[in-house]
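Each chain gets a letter, A, B and so on, in the order its sequence line appears, and its residues count up from 1. Computed from a prediction, not measured in an experiment: that's the story for all the values here.
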There are 2 protein chains.
Amino acid sequence: MLYAVFMSSALPPFPPQKPLDVSPLLEVGTAPGEPCLRADAARNRARLLDAAARLIAEHGVAGVTMEAVAAAAQVGKGTVFRRFGDRTGLLMALLDHSDRQLQADFLGGPPPLGPGAPPLERLRAFGPAVLYRSAERLDLQLAAQPEPTRRFSHPAVQALRIHVVMLLRQIVPHADCELLAQTLLASLDPALIHYHTRQRGMPLERLATGWIDLVDRVTGAGPHR
Amino acid sequence: MLYAVFMSSALPPFPPQKPLDVSPLLEVGTAPGEPCLRADAARNRARLLDAAARLIAEHGVAGVTMEAVAAAAQVGKGTVFRRFGDRTGLLMALLDHSDRQLQADFLGGPPPLGPGAPPLERLRAFGPAVLYRSAERLDLQLAAQPEPTRRFSHPAVQALRIHVVMLLRQIVPHADCELLAQTLLASLDPALIHYHTRQRGMPLERLATGWIDLVDRVTGAGPHR
DNA sequence: CCGTAAGCGGACCGCGGTCCAGTTTTGTTC
DNA sequence: GAACAAAACTGGACCGCGGTCCGCTTACGG
């Protein structure tokens with residue numbers, strides 16, 4: 001089963017971009033196909049992303065100031081905003097690649113994450129995959145968090161949601177899968193990961209096995225049964 | 001079973017305040033007892049909170065600008081920050097009363113929320129209680145959300161966590177209750193409530209029954225079984 | 001009454017975000 | 001391939017707000 005999801009890499013209210021894979025079956029977001037930038041615009045975009053990445057490497061996420069990025073990319077401040085909407089947009093664009101990677105993995109990668117394995121197995125594998133991916137570059141993930149109102153509208157997040165809903169529907173068809181999916185995803189929230197691992201000192205493995213246990217409980221596969 | 005929890009109403013890294021009820025058994029946060037403000041400071045604090053509330057009523061949460069609040073309270077800007085640490089602190093102070101109310105309800109109120117009912121019943125009742133409380137003044141709750149790193153350190157949040165952990169321990173002693181509790185709470189996050197009700201049009205009742213279903217699944221009380 | 005710690009307030013700073021006059025690119029027409 | 005008009009893009013001046021700082025004032029205990 002395949003569905004196309006748009007991933008952000010630009011403009012204000014998450015105006016999505018490239019469909020990730022074949023056969024569009026479900027479009028998250030709204031917008032028209034990718035705008036296809038003008039040559040100079042594309043060049044500047046690349047330079048900005050590059051500059052941002054460099055700044056992070058040197059001064060951490062906090063060092064990524066819109067002005068600094070603009071300066072480092074030899075570009076006007078206005079250009080940064082035009083291209084990425086706001087700081088969050090820029091930061092998320094930096095995560096875009098990894099978003100797509102993950103998405104490709106669970107949409108078309110090898111089992112148990114990708115298609116081929118039974119839904120429950122896929123769901124079990126899903127948590128750790130997200131977990132470990134978020135754990136690297138966690139600080140960037142945190143900084144890229146948009147204001148609460150938009151947390152869930154981001155295309156990449158929507159993609160996760162839809163995927164989980166789809167799996168859940170196959171496992172527990174009679175449940176309120178929309179709600180259940182959000183709850184499961186909430187337990188993978190970067191902020192929560194940060195809290196668990198960095199402030200409470202839990203190892204990532206514990207979170208991973210916690211996810212599996214959670215999935216089992218929620219789907220009625222029951223742990224220790 | 002009783003435990004005291006400190007509730008915020010002031011200063012930077014959530015320097016807690018009044019223990020809520022008798023027999024301190026568990027202190028969330030760190031600080032010494034409440035500092036007991038000087039007379040003029042207390043007066044100004046009240047005036048600030050009052051001014052803030054008025055501003056919200058008139059111009060919505062967005063109208064609550066630190067300068068505006070200071071001006072409306074006839075007080076210097078610095079004073080606002082000294083008292084509340086930052087904007088988030090001020091906003092949270094506005095929610096403090098309702099926080100304490102809720103806490104009192106599940107710590108010492110009548111069953112099924114309060115002690116007296118069996119743990120599972122209390123847990124079932126807990127979700128809707130939080131849900132309905134957050135739903136009113138939802139915009140304030142959202143605006144009061146601190147940066148992701150601090151979301152879970154706020155005393156009021158800690159109090160909820162501890163309570164849920166305690167209930168869970170009685171219901172599913174062999175599970176990883178810490179993790180489970182956070183997951184359950186995550187499903188009650190104001191941002192999530194906002195998304196569900198305002199952006200996806202789900203009625204609050206659906207969330208409430210969703211909580212109960214979730215609790216049943218997680219605890220193995222199983223729905224439809 | 002006095003010493004001192006607590007509180008006060010407003011000038012100041014940096015950053016995110018907006019705006020718009022001017023420039024560059026692109027596609028079109030002869 | 002030259003000229004041209006519309007569209008897209010650019011950059012930096014500008015704004016408002018959150019947050020800091022520090023010299024002055026005020027409340028309070030002795």
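- Minimum atom distance to the side chain of A/R82 is reached by D/dT10, of the listed C/dG9, C/dC12, D/dT10.
- Of the candidates C/dG9, C/dG7, C/dG16, the closest approach to any side-chain atom of A/F81 belongs to C/dG16.
- Comparing C/dA11, C/dG16, D/dT10 by their closest approach to the side chain of A/R83 singles out D/dT10.
- Rounded to whole Å, the distance from CE on B/M66 to C1' on C/dG9 is 14 Å.
- Taking CD from A/Q145 and CE from A/M92, the interatomic distance works out to 9.5 Å, rounded to the nearest 0.5 Å.
- Annotation: the span from A/R206 atom CZ to A/T197 atom OG1 amounts to 12.0 Å, rounded to 0.5 Å.
- For A/R87, whose side chain is taken as the heavy atoms from C-beta onward, the closest listed nucleotide among D/dG18, C/dC8, C/dG17 is C/dG17.
- Taking atom CD of residue B/E67 and atom C1' of nucleotide D/dG16, one finds them 8 Å apart after rounding to whole Å.
- Rounded to an integer number of Å, the gap from B/N44 CG to D/dT25 P is 17 Å.
- At a threshold of 4.0 angstrom between heavy atoms, the contacts of A/T79 include nucleobase atoms, whether or not backbone atoms are also involved.
- Side-chain N or O atoms of A/W211 include none that pairs as donor or acceptor with a backbone N or O of A/A125 at under 3.5 Å.
- Across the interface with DNA chain C, nearest-nucleotide mapping of A/G78 and A/V64 shows A/V64 to be the residue nearer the 5′ end.
- Of the candidates D/dG18, D/dA13, D/dG11, the closest approach to any side-chain atom of A/K77 belongs to D/dA13.
- Protein atom CG of B/L48 is 14 Å distant from nucleotide atom P of D/dG18, rounded to whole Å.
- The separation between A/L90 atom CG and C/dC15 atom P is 15 Å, rounded to whole Å.
- For the pair A/L55 CG and C/dG16 P, the interatomic distance rounds to 11 Å; values are reported in whole Å.
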Take A/V165 and A/L180 through the test side-chain contact (heavy atoms from CB on, under 4.5 Å) and record every step on the way to the result.
CA-CA 8 Å; A/V165 168; A/L180 236 39; over 6 Å; no
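- The nearest whole Å value for the distance from the CZ atom in A/F84 to the P atom in D/dC9 is 13 Å.
- The distance between atom CG of A/D86 and atom C1' of C/dC15, rounded to the nearest whole Å, is 13 Å.
- Nearest nucleotide to the side chain of A/T65, out of C/dC8, C/dG16, D/dC17: C/dG16.
- Judged purely by distance below 3.5 Å, without hydrogens or angles, the side chains of A/Q103 and A/R100 never pair a donor atom with an acceptor atom.
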